[in-house]
Every structure is written in C-alpha cells, then in structure tokens.
Amino acid sequence: MVQGSESISLHRMLGKDKDYRYMATSDLLNELNKEAFKVDVDMEIKLCNIILQQLDDSAFDVSGLAVDQFWAISLVRHASIEE
C-alpha cells in the first residue's frame, strides 16, 4: 500500500511547478523500483491515470520519467499477479 509521503508526491506530480513535478515523479519511480513496494488496485488505477497525464507534460524530463514509471508499475502488477 502506498504510504502518506507518496500521497503527497502524487499531489505534487500534478502541480504547476515543473521542478516539483519532476522531483515527485522521480521519487515515485524510485519507490516503484523497490521490491517491497505494494499497491492496491484503487491506487494502481490512480497512479496510472496520473502517469498518463504526465506523458503529455510540457517538461520533457517529466514525460520521460512517466514512460519509465509505466514500465515499473507493470512490473509491480506482474509481481502481484504471480503471488
């Protein structure tokens, strides 16, 4: 399940400041890459919707990280299906 600090990051991922969006996106990507990261179905849907929005972000760095996040979240989903 996503912890409180990640919820704050989710809010920042949609903010107006591109630096905050980049940092929050990078932080979430780091969390997604951890083996211990777990997420419920509702949060997974929310994450995917936010990541979809970031693919069209005006900051190229943010949209590039969004592509990496889709890969990482698919690996998290695959691992949860195997369990």
Determine, stepwise, if the pair Met23 / Arg12 fulfils side-chain contact (heavy atoms from CB on, under 4.5 Å).
CA-CA 8 Å; Met23 289 185 294; Arg12 288 185 177 171; over 6 Å; no
Taken to the nearest 0.5 Å, the spacing of Glu31 CD from Leu47 CG works out to 11.0 Å
CG of Leu10 to CG of Leu14, rounded to nearest 0.5 Å, is 8.0 Å
Spacing of Tyr22 atom OH and Asp27 atom CG [to the nearest 0.5 Å]:
10.0 Å
Is there a path of hydrophobic side-chain contacts, each under 4.5 Å between heavy atoms of I, L, V, M, F, W or Y residues, that connects Val62 with Ile73?
no
To the closest 0.5 Å, what do you measure between NZ (Lys18) and OG (Ser58)?
7.5 Å
Inter-residue atom distance Ser63.OG - Arg21.CZ, 0.5 Å rounding
10.0 Å
Closest approach of Leu65 to Leu29 (non-hydrogen atoms, all atoms of both residues):
CD2-CD2, 3.7 Å
For Ser26 and Asn30, what are the C-alpha separation, side-chain angles and deciding distance, and is it a side-chain contact (heavy atoms from CB on, under 4.5 Å)?
CA-CA 6 Å; Ser26 179; Asn30 289 333; 4.1 Å; yes
How about Gln69 and Thr25: does a side-chain donor come under 3.5 Å of a side-chain acceptor?
no
If you link ILVMFWY side chains whenever their heavy atoms are less than 4.5 Å apart, which other residues fall into the same cluster as Ile45? By chain and number, please.
Val41
Between Leu55 and Phe70, is a side-chain contact (heavy atoms from CB on, under 4.5 Å) present by the stated rule, with each step listed?
CA-CA 10 Å; Leu55 290 173; Phe70 260 124; 3.7 Å; yes
Show your reasoning for whether side-chain contact (heavy atoms from CB on, under 4.5 Å) applies to Ile51 and Val67.
CA-CA 8 Å; Ile51 294 168; Val67 171; over 6 Å; no
